[in-house]
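Report on one structure; see the data block that follows.
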Amino acid sequence: MLRSGQLDRFAPGADPLFDALGVRTVVDLRTDRERAARPDVIPPGGRLVVADVLADLVSSGAASKLGTVMADPLAANRLLGDGRAAEALISDYRSFVAGDSGRAAYRTLLTELASPADGPVLFHCTAGKDRTGWGAALLLLLLGADPATVEAEYLAVNPAVRAAFAPVVEAFTAAGGDPRVTEELLTVRPAYLAAALETLTDGWGDAETYARTALGLTDETLDALRTNLTA
């Protein structure tokens, strides 16, 4: 199991370390618009599985609009300043858990991860932090990780995301963009994860019940997931 940002700049054969991983399946959690704008380059011999978390867009869709927001700093200030960027992402995280397309997408992801024949599996969104981050958090919960471990894994991507988006943030700020907007959009925060966990707990009680009732995963799939991903 591997997590990543989008693979539009992946160059087969250019990274021997990545090639050695032998990725067989790529699960793309992005929207149609994101995939069309920056289509994945799939490793040779790999297969692509589309699992659009925000297809129904019952939330703000902020997690899928990073490129659009960064391209118009002054509009971003108006729409997402004064803490509204954080509020939009919190809305997204609740949708990851409770939205129809979110549940369908994470059911697909977990089913792929439960299949030894499909692995190694790489799953990603745009930046690899929100839709991907919740997918990793939910998986860890189902594998028995404690809350501190789940949160630590979730927050661990911040340095990599900041480094990857540093040129974008610099250009955004130079053009008059509020750095607080990019800080809220381009990082993960405990409050974002907490919103997803609260939605899960309020609606279903725990991750196991959520997986069975909201995602429709069978005992066989959950057993296979644990067998496949734990020593």
Side-chain angles (χ1 to χ4, degrees), residues 3-9 27-40 51-99 101-102 105-106 123-138 150-199:
R3 57 180 294 187
S4 175
Q6 61 197 19
L7 299 181
D8 60 306
R9 292 180 292 174
V27 180
D28 189 341
L29 304 175
R30 298 177 299 166
T31 63
D32 287 342
R33 178 178 294 182
E34 291 172 288
R35 296 194 305 274
R38 296 184 180 274
D40 278 347
D52 185 346
V53 173
L54 293 173
D56 53 19
L57 288 179
V58 297
S59 64
S60 72
S64 67
K65 298 174 182 174
L66 295 179
T68 303
V69 168
M70 297 297 102
D72 193 341
L74 298 184
N77 291 348
R78 292 193 303 272
L79 295 173
L80 296 172
D82 298 322
R84 288 189 292 273
E87 292 173 1
L89 277 172
I90 285 172
S91 174
D92 280 0
Y93 274 73
R94 294 190 183 282
S95 179
F96 298 167
V97 178
S101 61
Y106 291 114
F123 64 102
H124 76 90
C125 50
T126 294
K129 69 182 185 72
D130 296 312
R131 287 163 286 185
T132 301
W134 171 244
L138 177 59
V150 172
E151 183 173 279
E153 161 62 22
Y154 171 76
L155 295 174
V157 302
N158 269 331
V161 173
R162 282 195 172 101
F165 282 90
V168 176
V169 172
E170 183 177 353
F172 178 86
T173 304
D178 185 344
R180 292 172 295 183
V181 171
T182 54
E183 179 64 19
E184 292 174 1
L185 282 179
L186 296 176
T187 60
V188 290
R189 296 181 166 195
Y192 301 164
L193 178 61
L197 292 172
E198 180 182 64
T199 303

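We use all heavy atoms of the structure for the numbers below, so side chains are in, but hydrogens, waters and symmetry mates are not.
- Counting only distance, with no hydrogens or angles, the side chain of Asn77 and the backbone of Asp178 share a donor-acceptor pair below 3.5 Å.
- Closest approach of Ser101 to Asp56, counting heavy atoms only: OG-OD1, 2.7 Å.
- Sequence neighbours left out, the pairs with a member in residues 182-193 that pass salt bridge (Lys or Arg N to Asp or Glu O under 4.0 Å) are Arg162-Glu183.
- Atom-to-atom distance recorded for Tyr192:OH and Ser91:OG is 12.0 Å, nearest 0.5 angstrom.
- The local environment of CG in Asp8 is crowded, with over 12 non-hydrogen atoms from other residues, nucleotides or ligands closer than 6.0 Å.
- Contact between Thr126 and Arg131 at its shortest, heavy atoms only, is OG1-NH2, 3.6 Å.
- The backbone N or O of Ala194 sits nowhere less than 3.5 Å from a side-chain atom of Tyr93 that would complete a donor-acceptor pair.
- One distance of note links OG1 of Thr132 with CG of Leu29; it measures 5.0 Å at 0.5 Å rounding.
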Stepwise side-chain contact (heavy atoms from CB on, under 4.5 Å) check, Arg33 with Leu54: CA-CA 11 Å; Arg33 178 178 294 182; Leu54 293 173; over 6 Å; no
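- Of the inter-residue distances, the one linking Thr187 atom OG1 with Leu185 atom CG reads 8.5 Å to the nearest 0.5 angstrom.
- Among residues two or more places apart in sequence or in another chain, the side-chain hydrogen bond (donor to acceptor under 3.5 Å, both in side chains) test is passed with Asp32 by Arg35.
- By the side chain to side chain contact (heavy atoms under 4.5 Å, CB included) test, Val161 pairs with Lys129, Val157, Phe165, sequence neighbours left out.
- Scored by the side chain to side chain contact (heavy atoms under 4.5 Å, CB included) test, Ala137 finds Trp134, Val150, Leu193 as partners (sequence neighbours excluded).
- For Asp40, the salt bridge (charged side-chain N to carboxylate O under 4.0 Å, His left out) criterion is met by Arg30, not counting sequence neighbours.
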Enumerate donor-acceptor pairs with a distance under 3.5 Å from any side-chain N or O in residues 168-177 to protein atoms, sequence neighbours excluded.
residue	atom	partner	partner atom	Å
Thr173	OG1	Val169	O	2.9

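- Remark: Ala75 pairs with Asp72, Arg78 by the side chain to side chain contact (heavy atoms under 4.5 Å, CB included) rule, at least two apart or across chains.
- With hydrogens and angles ignored, the 3.5 Å screen pairs a side-chain donor or acceptor of Arg3 with a backbone N or O of Gly128.
- Taking Arg84 as the reference, nothing meets the side-chain hydrogen bond (donor to acceptor under 3.5 Å, both in side chains) condition, with sequence neighbours excluded.
- Here Ser4 pairs with nothing under the side-chain hydrogen bond (donor to acceptor under 3.5 Å, both in side chains) rule; sequence neighbours left out.
- Residues meeting the side chain to side chain contact (heavy atoms under 4.5 Å, CB included) test with Pro190, sequence neighbours left out: Glu151, Leu155.
- Under the side-chain hydrogen bond (donor to acceptor under 3.5 Å, both in side chains) criterion, Thr199 pairs with Arg94, sequence neighbours left out.
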